[in-house]
Amino acid sequence: MTNPADSIEIQNVVASTGIGQELDLEALAEDLPGADFNPDNFPGLVYRTQEPKAAALIFRSGKIVCTGAKSIDDVHDALGIIFEKLRGLQIPVEDDPEITVQNIVSSADLGHNLNLNALAIGLGLEDVEYEPEQFPGLVYRMDEPEVVILLFGSGKIVITGGKRTDDAEEAVEEIVERIEGLGLLG
Amino acid sequence: RLRKWQERIRTKDAGERNLQFALSEIDRMASALGVPRSVREVASVIYRRALNEDLIRGRSIEGVSTAALYAACRQEGIPRSLDEVADVSRVPQKEIGRTYRYISQELGLELKPVDPKQFVPRFASALQLSEEVQSKATEIIDVSAEQGLLSGKSPTGFAAAAIYAASLLCNEKKTQREVADVAQVTEVTIRNRYQEQIEAMGFR
DNA sequence: AAATTACTTTCCAAAGC
DNA sequence: GCTTTAAAAAGTAATTT
């Protein structure tokens, strides 16, 4: 018996921070090789780090959004690289900018096929969105922890909306408990 | 005070005009889809409820009208696919789906997932297939759904494959292309669902 | 007819329209 | 609301080989 919680893999971490300094993005786009800046499309400058792989959106206000990292450590490493790059360009960056994790996307496997039709009714149609004509996954909004879970017929799931690593773990335990309680887990 | 009173009249008038427009649009789309008058009335009730609950704000009247009609068809057990509804609407399919999910949630419609079997009579008659093919298709849907093959699958594609399979079994063959056209799915989808369903039925 | 690419859904922050 | 960024799940669709 493998525990579904052990199958959890973090797929993406979204975090925000700021250097406490206004930026001239036009100039930065020139000085940062590989930077994408299209102010007509989007006000942020896009910069990608290779190792760890992540993408940062850098704004005129000095605020930064980091996404695509596979762990919270990777978020710190990727942002650390960006902070150093900016310092190298003579841009003053706060000593330890506060980094706030905004969202963690994880995947997991419940290990059994799911009858999504029965699950939609069992979990309660008021908390569920299941429209297989539009998307194959069942969308379940959980109250505690406050996350959104996408459940698929294969038993694979996606947990998103949480800010702590523990959220995914608690969510998996809770959803397994609920599905078992309904007698709908293999 | 007077200004506020005038404003109220103005919004009420606008609301009335908009309601009239919405109801005429529901009527127009319902006619184009060939749904019975009872469904139009259900759609009208849903639209009025959405209006009373102030769900139209930030959304187009057309979008809410179409979503109300889509919901009404489902509620009455004679669903139309989003593709079919989009064909007679002025708003894109994506917006209809998003608006439907919103009003469905807010009004607490709690509609169950669409049952593929509900498409069988309409698709089969469009293909001029017999009653025998219809009941065979229904049986195929029941058996394969019981074996868990339905989870996550599009109800139109599932129904289309069952109809295709049933037409073969009853010697009233329709091509995958013919079935795909009435169900608005691709031949690839029919082929994929067909293989699974045949297996589930114990054929082949 | 198989492979590839791309789009559907969920989450979140950022600045500005 | 929208715009952009990232990532997974699985189904469907449009292209390409």
Side-chain angles (χ1 to χ4, degrees), chain A residues 7-18 23 25 36-49 52-71 74-75 78 99-110 113-114 116 129-142 146-163 167-168 171, chain B residues 57-60 63 82-83 93-95 97-99 101-102 150-158 160 176 180 183-193 196:
Chain A
S7 71
I8 296 174
E9 284 181 40
I10 294 179
Q11 300 292 351
N12 184 22
V13 178
V14 182
S16 59
T17 187
L23 289 168
L25 297 182
D36 289 335
F37 184 45
N38 300 92
D40 294 341
N41 280 15
F42 189 70
L45 178 152
V46 182
Y47 183 75
R48 294 175 172 82
T49 57
K53 191 181 170 229
L57 306 176
I58 304 174
F59 297 89
R60 185 183 41 77
S61 63
K63 292 189 175 178
I64 301 174
V65 171
C66 179
T67 183
K70 291 282 184 193
S71 70
D74 281 358
V75 167
I99 296 172
T100 310
V101 173
Q102 302 287 358
N103 182 29
I104 298 178
V105 182
S106 300
S107 60
D109 190 351
L110 300 186
N113 288 340
L114 298 171
L116 299 184
E129 253 180 45
Y130 175 48
E131 294 294 330
E133 191 186 340
Q134 301 176 60
F135 185 70
L138 183 156
V139 181
Y140 178 61
R141 290 184 163 76
M142 186 175 273
E146 196 179 331
V147 297
V148 173
I149 305 179
L150 309 182
L151 299 117
F152 296 86
S154 64
K156 300 267 185 68
I157 71 175
V158 171
I159 307 99
T160 187
K163 295 193 190 302
D167 287 340
Chain B
R57 209 170 272 181
R59 260 156 275 269
S60 71
L82 280 177
D83 260 310
Q93 196 220 33
K94 192 173 166 180
E95 188 187 328
R98 199 194 305 123
T99 305
R101 274 179 270 144
Y102 179 70
L150 182 55
S151 283
K153 276 32 172 270
S154 144
T156 46
F158 208 81
Q176 293 180 358
Q184 302 238 263
V185 297
T186 62
E187 293 168 271
V188 179
T189 295
I190 291 188
R191 234 171 273 136
N192 291 337
R193 298 303 136 249
E196 298 172 350

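We name chains A, B, ... by the order of the sequence lines, and we start the count at 1 in each one. Just so it is clear, the model here is predicted, and its values are computed rather than measured.
In terms of polar N and O atoms assigned as donor or acceptor, the side chain of A/T67 comes within less than 3.5 Å of the base of D/dA6 in a complementary pairing.
Formation of a donor-acceptor pair under 3.5 Å by the A/E129 side chain with backbone atoms of B/R101 is not found in this model. Counting only distance, with no hydrogens or angles, the side chain of A/Y130 and the backbone of A/Y140 share no donor-acceptor pair below 3.5 Å.
Legend: residues meeting side-chain contact (heavy atoms from CB on, under 4.5 Å) with A/P136, ordered by chain and number and at least two apart, are A/F152. Judged as a ring pair (Phe, Tyr, Trp, His ring centres under 6.0 Å), and not counting sequence neighbours, the contacts of A/F59 are A/F42.
The interatomic distance linking A/I99 (CD1) with C/dA13 (C1') rounds to 14 Å, in whole Å. Remark: P of C/dT9 and OH of B/Y102 are 17 Å apart, rounded to the nearest angstrom. Between A/E133 atom CD and C/dC7 atom C1' the separation is 16 Å, expressed in whole Å. Note: CZ (B/R191) to P (D/dT12) measures 13 Å, nearest angstrom. Atom CG of A/L110 and atom P of D/dA8 are 18 Å apart (whole Å).
D/dT4 and C/dA6 are spaced 16 Å apart, taking the P atom of each and rounding to whole Å. Atom name P, nucleotides C/dA2 and D/dA9: the rounded distance is 23 Å, in whole Å.
The pair B/R193-B/E196 meets the salt-bridge criterion, with a side-chain N (NZ, NE, NH1 or NH2) lying under 4.0 Å from an Asp/Glu carboxylate O.
Backbone-only contact: A/R48 has heavy atoms under 4.0 Å from sugar-phosphate atoms and none from a base.
Residue-to-nucleotide proximity on DNA chain C shows that, of A/V14 and B/R98, the 5′-proximal contact is made by B/R98. Nucleotides of DNA chain D nearest to B/G58 and A/T160 differ in position, and the one nearer the 5' end is that of B/G58.
Of the side-chain N and O atoms in B/R193, none sit less than 4.0 angstrom from OP1 or OP2 of D/dG11. Phosphate contact (OP1/OP2 of D/dT12, side-chain N/O of B/T186, threshold under 4.0 Å): absent.
Contacts between residues 53-64 of chain A and DNA chain D, counted as heavy-atom distances below 4.0 Å, involve A/K53, A/A55, A/L57.
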